[in-house]
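Everything on this sheet refers to the single structure shown next.
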Amino acid sequence: MAESSRIFQTTLVPTFSTLHKPRCVSQPPIFVQKKYPTIHCSSSVSNAEKVPWGCDIDTLENAAGLQRWLSDNGLPPQKMGIQNVQVGERGLVALKNIRKGEKLLFVPPSLFITADSEWSCPEAGEVLKQYSVPDWPLLAIYLISEANLQQSSRWSNYILALPRQPYSLLYWTREELDRYLEASRIRERAIERITNVIGTYNDLKLRIFSKHPDLFPDEVFNIETFKWSFGILFSRLVRLPSMDGKVALVPWADMLNHSCEVETFLDYDKSSQGVVFTTDRQYQPGEQVFISYGKKSNGELLLSYGFVPREGTNPTDSVELSLSLKKSDKCYKEKLEALKKHGLSATQCFPLRITGWPVELVAYAYLAVSPPSMRTQFEELAAVASNKATLKKNVRYAEIEEQALQYILDSCESSISKYTKFLQASGSMDLDIASPKQLNRRLFLKQLAVDLCNSERRILYRAQNVLRRRLRDIRSGELKALNLFDGLRNLFK
């Protein structure tokens, strides 16, 4: 279902937080100069029909054509071939025995697509460079431009092998996001990403496309083609650390699927002068070969790549837990002022992992329950919650440990109830759809949402059990001597 990893970088206003993998590594800030109102996305599966490029994801014919074209243009013989696979629908499978520690791929730079790639329409490339368009939007426009030229483009074989509709939350409608991801914080991330992509397109259209309609006609450079190109970038663009962080589309390499059980990732190898990865296990002929898209949560994998790993297989899975100050708190304004001073707000999200949670979350909880008599500690706790300081040892925090843990527990249980409500209702969803094609799509999206909700609720249940046990011990007079922050974290071991 997924096939690689990737990024976004601009010189203008950053709108995304970093979260990509080593193979690709960070996420894109987007090309927007002014704020746009929240846009309610309304794309649907039928929109894919408006993009005439690419192929069905499980089609091997175009992928085989890509392999022949790559071989004719410098790709050395490979120990892997493209086949239909169970994980990812299409992936690279070992054709021969592959040893642990072996380097594979060796894709040369001449087969990369980067911001420096030569344009088939050089006039368009020159205009974009005059406007200093950052790499991500530049690559998105490059893809559309080359795709529109079809066989006239050097990259036609690559584009024919790309999915016509990338697995991406960019293609979920607002109704689908609200319906299927109502319990998960990934819903807000998805809406933000869609809004930013639309804002980027609107900005480009206003400042560049409208002034050069002969180079960027509306029938080619429109919001649907931009969703397609950004979907490709989100799921396939890689950052190459050994090339000073250059971002690139690497044909053939982006046929590799992700596994949570492997740690190897793509990078440029200076000795062989190509993109490679080093296997961390051996493969027998017929086995699918995997790489890692990075240490991402299941929600992040769904957001960029459109898939959710099997429950319990992702050791770096996490769920975002939302904590909020109570407006009824007598010190609400003072606490909020301390938080704002360190870049935080009255409602803040923290990652809750299956192995524990960050000190920042605990510090925020202590601040939230601190009484007026602890005003002098507000600033210190806010600094720790923002990861700008470490907590000074102060025995006074023991006085409010129970309230802080109960506060986190209440937040966990509130989130659990939302997930449980969704999962209970999911069985009766989608029975009102008449079209078999639309029904199949909805059932597929719902299954992704159910898998995500189960994995995130599992983490919350784990935290709930730890917190209840700790509270029980505190109330029975035990664990008083434990360091407050380290003691809580150690309970996960």
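Everything numeric here is computed off the predicted structure, so don't read it as measured data.
Between Phe230 and Phe234, the ring planes are tilted. Angles from 30° to 60° get that label. Below 30°, between 30° and 60°, or above 60°: for Tyr142 and Trp119 the angle between ring planes is above 60°, a perpendicular geometry. Phe221 and Phe216 have perpendicular rings, their planes meeting at more than 60° on a 0 to 90° scale where under 30° would count as parallel. Between Tyr201 and Phe209, the two ring planes are tilted [angle within 30° to 60°].
Side chain of Glu287 to backbone of Gln284: a donor-acceptor contact under 3.5 angstrom is found. Side chain of Ser210 to backbone of Lys205: a donor-acceptor contact under 3.5 angstrom is found. Between the side chain of Ser117 and the backbone N or O of Thr114 there is at least one donor-acceptor pair closer than 3.5 Å. Proximity of a side-chain donor or acceptor of Arg462 to a complementary backbone N or O of Arg353 within less than 3.5 Å is not detected. At least one donor-acceptor pair under 3.5 Å links the side chain of Arg239 to the backbone N or O of Gly245. Distance alone, capped at 3.5 Å, is enough to place a donor-acceptor pair between the Ser455 side chain and the Leu452 backbone. Under a 3.5 Å cut-off, the side chain of Glu360 and the backbone N or O of Phe350 do not form any donor-acceptor pair.
In this structure, the separation between CG on Leu139 and CG on Leu128 is 10.5 Å, given to the nearest 0.5 Å.
Nearest heavy atoms, Trp53 versus Val220: CH2-O, 4.5 Å. Minimum heavy-atom separation, Ser120 to Glu146: OG-OE1, 2.7 Å. Between His342 and Ala382, the closest heavy-atom pair is CD2-CB, 3.9 Å. The shortest heavy-atom contact between Pro109 and Tyr268 is CG-CE1, 3.7 Å. Met429 and Lys446 make their closest contact through O-NZ, 3.7 Å (heavy atoms, listed as atom of the first residue, atom of the second, distance). The shortest non-hydrogen separation linking Leu111 to Arg154 is CD2-NH2, 3.7 Å.
Within the 4.5 Å cutoff, the side chain of Arg185 has heavy atoms near those of the Ser322 side chain. Residues Lys96 and Tyr283 fail the side-chain proximity criterion, which asks for heavy atoms closer than 4.5 Å. You'll find the side chain of Gln67 stays beyond 4.5 Å of the side chain of Asn62, heavy atoms only. Looking only at side-chain heavy atoms (C-beta outward), Trp69 and Ser71 stay at 4.5 Å or farther from each other. Looking at heavy atoms from C-beta onward, Gln83 lies out of side-chain contact with Arg90 at the 4.5 angstrom threshold. Under the 4.5 Å side-chain criterion, counting only non-hydrogen atoms from C-beta, Tyr419 is in contact with Glu456. Looking only at side-chain heavy atoms (C-beta outward), Ser229 and Ile232 stay at 4.5 Å or farther from each other. Inter-residue side-chain proximity for Tyr158 and Trp252 is flagged as unmet; no heavy-atom pair is nearer than 4.5 Å.
At a cut-off of 3.5 Å, with distance as the only test, no side-chain donor of Ser297 or Asp317 sits close to an acceptor on the other residue. For the residue pair Ser345 / Gln348, a side-chain donor-acceptor distance below 3.5 Å is found, with atom types taken as modelled. A donor and an acceptor atom, one from each side chain of Thr279 and Glu102, are nowhere located under 3.5 Å apart. Thr278 and Asp280 form no side-chain donor-acceptor contact under 3.5 Å, judged by distance and modelled atom types alone.
Electrostatic pairing of Asp451 and Arg310 does not count as a salt bridge here, judged by no charged N lying under 4.0 Å from a carboxylate O. Under 4.0 Å is where a charged nitrogen must lie from a carboxylate oxygen, and between Lys295 and Glu263 no such pair does. A salt bridge links Asp178 to Arg174: at least one charged side-chain nitrogen sits closer than 4.0 Å to a carboxylate oxygen.
Leu92 pairs in a side-chain contact (heavy atoms from CB on, under 4.5 Å) with only one of the listed residues (Val85, Asp254, Leu256), which is Leu256.
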